[in-house]
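Keep in mind that this is a model prediction, so the values were computed, not measured. Hydrogens, waters and symmetry mates are skipped; everything else that's a heavy atom, side chains included, is used. Letters A, B, ... are given to chains in the order of the sequence lines, protein chains preceding strands, and every chain is numbered from 1.
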Amino acid sequence: MTFDEGRGKLFVFKKWSSEGFCMIVTRFAPSPTGYLHVGGARTALFNWLLARRTGGKFLLRIEDTDMKRNTPTAMRQVMEDLRWLGIEWDEGPEVGGPHGPYLQSERRAIYDKYIRQLLDAGKAYYSFDTAEELDAARKLAETEKRSNIYRRPAVCPTEADVEKARAEGRPVTVRFAVTATEPIVVHDEIRGDVSFDPAEIGDFIILKSDGFPTYHFAVVVDDELMGVTHVIRGQEHLMNTPNHQLLQRALGFRIPTYAHMSVTVSESGGKLSKREQPKAVQKYMKEHGVIPYAALTAKIGADELEAFRSGHNDALNKVQMQDLTKFYSVKGSNVDELRGKMSAGLEIVRQLVDGRIITESELVDFLEGNSVPDIPIIEKIAEHLGIRLPEINVVDFFRSGYLPEAMVNFLALLGWNPGDGREIMSRQELVEAFDLSRVNKSNSLFDRDKLLAFNTEHIKRTPMPTLVGHFRRYLAAIESPVAKADDTLLEAIIRMNEGARTLEQIEQKTRFAFVSNDQVRYDAEAVKKVLQKGDGLAMLRAVREALAGLQELTPEGIESLLRNLAQAQKVGLGKIAQPLRVAICGTTISPPIFNAVDLLGIDNTLKRIDIALKHFA
RNA sequence: GGCCCCAUCGUCUAGGCAGGCCUAGGACACCGGGUUUUCAACCCGGCGACAGGGGUUCGAAUCCCCUUGGGGCUACCA
């Protein structure tokens, strides 16, 4: 069977329709190390799309063979995120299926059986190298500028040697013996044929010393046993594929169809990864002179530093000064600015340390790039400092008010397109148009602006009941006071915010109506510009008077009232609307003013006008 | 360093496999204008790319080679 003749749709159709029972089976196999991130979501989506397009099956398998990296809640989170995106699996955790269990940690007996098979056939052997020995070999290869290929012993260890090694406390692993001499060719649906020299592939570990199989082994066994026909995965796995094919040959397994997708890169270059968030925090800290005292005194003696801080300029020499100005990115030698930045930075450090968010030594390590705190700590720091972290995980986008429809649409178009110029597409349209042959080879940048545009478009076209559901879920997640509204009111709120780009914007523009009058936060700049400058306050008084006499509260009624008032005062509507807006919302950003007043109610509107008049007059 | 992948506007891409239909099309962003009660949304217009060099050919964005650039992998992680 040749796999590379006629890529994509035609080929795919020929295969399963002519053979009838040969259904396409794809899978998503995340390791539960945290939340589902967008790269993973894209991989899952492409697999799901192919399965749905061809009437095949999509399954979910949890690759939890690394005890050190697993986090207990990750699996549940990943499943929740997939479901939010609308990516449902036909087989896998919680839904079951004939090929279970779907957690690799529960399949150890299966792997052991196949390991034994390879061992008995002389296709794999035991090895007892320590981490230090392996490390030394790696370093040597590096200095000699060659690939690090494991050197197979002349005589393979026996079972007796295993006992002896165990007794000596040496780690026991099993390696696969790579004996191929011919080039290994991977037929890739996206890249065509890729050839690998077997001399470049060392004997790799298939069973770890803790008794768990490595990824390479587990993935091969499970894909076979679960009947996976098509493997769509990231390009980072392309180099692993010859290893997998070698194992498949040795075990007598079928070789699935492979498709290696391009990598999604971030603005800062490199793979879009969870590292982006710590990076953002680090950048903020560096820009704001957040440098722990310990790091400072390591550079400059404590006595001199204190002398400098307390105002003795000459306490520092030229070199130290240059060092500090560079450190704090202060231009020239502006001593006052330097002092200001230093104390502001130290103040932030104090808050973080006193708030027990992070210890000083951890902070030093983090800023010097020696270690990275866990994401929850990063999140706490970001929250404390008011840093907006870049969204990386699917759940981050949910919390920022994005629609799953927009995410799915955007992700699908990252490296794929329907070929007819369409961009905004529903899930159903994507399923109908998806085709492996139209998947790109080149890396693509995750363009947040474009995602925003997609979200704006999807807010416009998502049916109202669905949108209300999304909005309610969003409000609950961020614990918004707007969650008090019933569905009818939520629908009205969405309608009055026509043109909004995210659910977050809608929430931010309407929450003023759901907080008590004394909780309104007045934006200082808005107050100054709109109320206190010109005749803002006078207009506000006029508005109050007019509104007090209002008979019936409807947006239309308020509109004609305000328009008449503007005419009577011989000013544009803006001169009336803006002061009123600031008085009731606290900012210059709100839904259309007539709706805003209607939403808040006349009593509270009048009360807030009074409060504003009292405070800002 | 070694191995592998990739290369069209700032970004995502169409066109490439079947070379002339391409003075390279669309979308996002950006800039200018319009609409307007704020923020958005919306409407009109503009800027803007075949990485470089060699071939093959009557003809190359398209096929081949080299260079350059970007990315991935190089674990008892997946």
Let me know the distance between [atom1] of [X] and [atom2] of [N], rounded to the nearest Å.
X: A/Arg191; N: B/G72; atom1: CZ; atom2: C1'; answer: 9 Å
X: A/Asn240; N: B/C3; atom1: CG; atom2: P; answer: 18 Å
X: A/Ile424; N: B/C12; atom1: CD1; atom2: C1'; answer: 12 Å
X: A/Ile459; N: B/A41; atom1: CD1; atom2: C1'; answer: 11 Å
X: A/Leu573; N: B/U38; atom1: CG; atom2: P; answer: 8 Å
X: A/Gln235; N: B/C6; atom1: CD; atom2: C1'; answer: 7 Å
X: A/Leu445; N: B/A29; atom1: CG; atom2: P; answer: 15 Å
X: A/Asn443; N: B/C4; atom1: CG; atom2: P; answer: 17 Å

[atom1] atoms of [N] and [M], separation to the nearest Å:
N: B/C28; M: B/U68; atom1: P; answer: 38 Å
N: B/A27; M: B/U37; atom1: C1'; answer: 31 Å
N: B/C42; M: B/A60; atom1: C1'; answer: 42 Å
N: B/G10; M: B/U38; atom1: C1'; answer: 30 Å
N: B/U13; M: B/G20; atom1: P; answer: 23 Å
N: B/G48; M: B/U35; atom1: C1'; answer: 27 Å
N: B/G46; M: B/A24; atom1: P; answer: 14 Å
N: B/A78; M: B/U67; atom1: P; answer: 37 Å

[X] and [Y] ion-paired at < 4.0 Å:
X: A/Asp135; Y: A/Lys139; result: yes
X: A/Asp535; Y: A/Lys575; result: no
X: A/Arg388; Y: A/Glu504; result: yes

Under 4.0 Å, counting only non-hydrogen atoms across every strand here, what does [X] touch: a base, just sugar-phosphate, or nothing?
X: A/Glu63; result: sugar-phosphate
X: A/His237; result: base
X: A/Ile593; result: base
X: A/Phe594; result: base
X: A/Thr65; result: sugar-phosphate
X: A/Gly421; result: nothing
X: A/Pro591; result: base
X: A/Gly415; result: sugar-phosphate
X: A/Leu134; result: base

Nucleotide of [options] approaching [X] most closely (side-chain heavy atoms):
X: A/Thr214; options: B/A78, B/C6, B/G26; answer: B/A78
X: A/Tyr215; options: B/U38, B/A78, B/C3; answer: B/A78
X: A/Leu238; options: B/C4, B/A78, B/A40; answer: B/C4
X: A/Ala577; options: B/A75, B/G2, B/U37; answer: B/U37
X: A/Lys509; options: B/C39, B/A78, B/U38; answer: B/C39
X: A/Ala453; options: B/C3, B/C28, B/U37; answer: B/C28
X: A/Glu200; options: B/G2, B/A7, B/A78; answer: B/G2
X: A/Pro592; options: B/U37, B/C28, B/C6; answer: B/U37
X: A/Ser590; options: B/C12, B/C76, B/U38; answer: B/U38
X: A/Glu236; options: B/C73, B/A75, B/C3; answer: B/C73

Counterpart base for [N], defined by Watson-Crick or G-U wobble contacts under 3.5 Å:
N: B/U35; result: none
N: B/G1; result: B/U74
N: B/G69; result: B/C6
N: B/C30; result: B/G46

If you compare every side-chain N and O of [X] against the phosphate oxygens of [N] (OP1, OP2), does one of them come in below 4.0 Å?
X: A/Asn148; N: B/U74; value: no
X: A/Arg69; N: B/A78; value: no
X: A/Arg581; N: B/U37; value: no
X: A/Asn440; N: B/A14; value: yes
X: A/Arg563; N: B/U37; value: yes

Residue closer to the 5' end of RNA chain B, A/Lys450 versus A/Lys460 (nearest nucleotide):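 So the residue in question is A/Lys450.
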Most 5' of A/Val194 and A/Lys208 on RNA chain B, judged by nearest nucleotide: A/Val194
Full working for side-chain hydrogen bond (donor to acceptor under 3.5 Å, both in side chains) between A/Arg501 and A/Asn455: CA-CA 6 Å; A/Arg501 314 209 76 182; A/Asn455 205 57; over 6 Å; no
Parallel, tilted or perpendicular: rings of A/Phe410 and A/Phe446 (30°, 60°): perpendicular
Parallel, tilted or perpendicular, as decided by the 30° and 60° cut-offs, for the rings of A/Phe176 and A/Phe204: tilted
Should we say atom [atom1] of [X] is surrounded by more than 12 heavy atoms from elsewhere, each under 6.0 Å from it?
X: A/Glu182; atom1: CD; result: no
X: A/Glu498; atom1: CD; result: no
X: A/Glu545; atom1: CD; result: no

Ring-face cation contact, A/Phe46 with A/Arg42, 6.0 Å cut, 45° max: yes
Donor-acceptor pair present, A/Asp447 side chain and B/A29 base, under 3.5 Å: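 Such a pair does not exist between side chain and base.
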Check: B/C76 base within 3.5 Å donor-acceptor of A/Thr173 side chain: no
